[in-house]
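First up is the structure itself, then whatever we jot down about it.
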Amino acid sequence: SQQGEEDPQALSIQEGENATMNCSYKTSINNLQWYRQNSGRGLVHLILIRSNEREKHSGRLRVTLDTSKKSSSLLITASRAADTASYFCATEPGGTSYGKLTFGQGTILTVHP
Amino acid sequence: GAVVSQHPSWVICKSGTSVKIECRSLDFQATTMFWYRQFPKQSLMLMATSNEGSKATYEQGVEKDKFLINHASLTLSTLTVTSAHPEDSSFYICSARAPGQGWQPQHFGDGTRLSIL
């Protein structure tokens, strides 16, 4: 399956700073989602943005989507040590492949207290 | 909220052993579940789509006879890694989408870490 690219691969910041992660993908999509994974655990859904949307907010999260560039970004504002985790973008196609997620490579975020 | 339970969370066994991993939707019915594989510090790769009452759909490159999937009820899908070898060692994660009007997020199990000696 095709994998999107995420950058940076790793990000280390201080508490209170903002964290920005980028994701690129290759195929047409119905929506793009961001997930968080704590070490050795399953994934937790954070936010979804549909292909006809350009920006979405949820609490301290802000997601943008540029379908012309096939890219998305996740911004976490005022980061906390508890935000330390791996973050993955995942694209979901429409049609018969609905539900089948293609994940990016992920960004490992470390927030230092 | 919707919860997906995965069991066991950790398995260590000898080469040649077959290992069964269970994925349960605890408070909703899931006609479709998904199985992913994740190598250390890497992303999740979709292995197969598990369909209740019918055969699973495998992604390209995934051996059907190696990874047997059974979705016998609306709340349970199982993945059996047959005759496991060290190269099968990985983190296996399942997911399911709760039913409902409009789009619903997928809920992931906590994963099963499989280590083959």
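Chain identifiers are assigned alphabetically (A, B, ...) following the order of the sequence lines, protein sequences preceding nucleic acid strands; residue numbering begins at 1 within each chain.
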Practice task
Using modelled atom types only, decide if a donor and an acceptor are shared between the side chain of B/S43 and the backbone of A/G106 within a distance under 3.5 Å.
Solution key: no
Problem - B/M45 reachable from B/L79 in the ILVMFWY side-chain graph, under 4.5 Å edges - result: no
Handout entry: Heavy-atom neighbours of A/N52 CG exceed 12 at 6.0 Å
Key = yes
Problem - Heavy-atom neighbours of A/R80 CZ exceed 12 at 6.0 Å - result: no
Problem - Partner set under side chain to side chain donor-acceptor pair (under 3.5 Å) for B/S18, not counting sequence neighbours - result: none
Handout entry: Qualifying residues under side chain to side chain donor-acceptor pair (under 3.5 Å), relative to B/E87, sequence neighbours excluded
Key = none
Handout entry: Joint hydrophobic cluster, B/V62 plus B/Y92, side-chain heavy atoms closer than 4.5 Å
Key = yes
Exercise for the section: Kindly work out whether a path of hydrophobic side-chain contacts (I/L/V/M/F/W/Y, heavy atoms less than 4.5 Å apart) joins B/L76 to B/I69. Expected result: no
Handout entry: Residues of residues 39-48 of chain A contacting chain B, heavy-atom criterion under 4.5 Å, by residue number
Key = A/G40, A/R41, A/G42, A/L43, A/H45, A/L48
Completion exercise
Applying a strict 4.5 Å limit to non-hydrogen atoms, the region of A/Q9 in contact with chain B is neither
Exercise for the section: Examine the side chains of B/Q106 and A/Q33 and answer whether a donor and an acceptor come within less than 3.5 Å of each other. Expected result: no
Problem - Heavy-atom pair of closest approach, residues A/F88 and B/Q38 - result: CZ-NE2, 3.7 Å
Exercise for the section: Using the ring-ring contact (aromatic ring centres under 6.0 Å, His included) rule, collect all pairs that involve residues 48-76 of chain A, keeping only residues at least two apart or in two chains. Expected result: none
